[in-house]
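Shown next, in structure tokens, is the structure this report addresses.
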Amino acid sequence: MPSRMLVDATDLDCWANRRDAQGRLPQLIRRLILATVDDISLIEFRAGEGVQLGGWDGIVEVEVGNAFVPKGLSVWEMGTNRDPKGKAEDDY
């Protein structure tokens, strides 16, 4: 039986190094949330050139969360760089 996995960790690692990944990652996250969560009150993720603006990378408010999206209001920061600790410290 063929595997249903479309991408693996190596694919994501290679994609993260591409220039367009920074602007497309928020779009991907937004689409994943919309596909897996019902009753979304608010969803905002700037993509493309919008990732250069200050503020949270994403804001989500849901009535019922799941394993990846918490119930209630949540704010999101993300990046494609290889130093997540440094990004988190810079953002904070």
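Treat the numbers as computed from the prediction; the structure is a model and nothing was measured.
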Test of understanding: with side chain to side chain contact (heavy atoms under 4.5 Å, CB included), list the residues that count as partners of [X], not counting sequence neighbours.
{"X": "T36", "answer": "N66"}
{"X": "I40", "answer": "I33, L34, V37, I43, V62"}
{"X": "A16", "answer": "T80"}
{"X": "S41", "answer": "E61"}

(request) Write out all pairs satisfying ring-ring contact (aromatic ring centres under 6.0 Å, His included) with one or both partners inside residues 22-51, taking only residues at least two apart or from two chains. (result) F45-W76
(message) Suppose the criterion is ring-ring contact (aromatic ring centres under 6.0 Å, His included): which pairs have a residue in residues 19-41, not counting sequence neighbours?
(response) none
(request) With sequence neighbours left out, write down each residue that passes side-chain hydrogen bond (donor to acceptor under 3.5 Å, both in side chains) with D38, or none if nothing qualifies. (result) none
(request) Search all heavy atoms of K71 against all heavy atoms of E63 and return the closest pair with its distance. (result) CG-O, 3.2 Å
(request) Any chance you could pull the hydrophobic cluster mates of I59, using side-chain heavy atoms under 4.5 angstrom and chaining through other members? (result) L42, W56, L73, V75
(message) Through direct or indirect side-chain contacts below 4.5 angstrom among Ile, Leu, Val, Met, Phe, Trp and Tyr, which residues connect to V64?
(response) none
(message) Between D57 and P26, is there a side-chain heavy-atom distance shorter than 4.5 Å?
(response) no
(message) Less than 4.5 Å apart, side chain to side chain, heavy atoms only: is that true for F68 and I29?
(response) no
(message) For the backbone of G54 and the side chain of R46, can you confirm whether one donor and one acceptor N or O come within less than 3.5 Å of each other?
(response) yes
(request) Quick one: which residue pairs count as a salt bridge (Lys or Arg N to Asp or Glu O under 4.0 Å) with a foot in residues 10-24, not counting sequence neighbours? (result) D13-R82, R18-D20, D20-R24
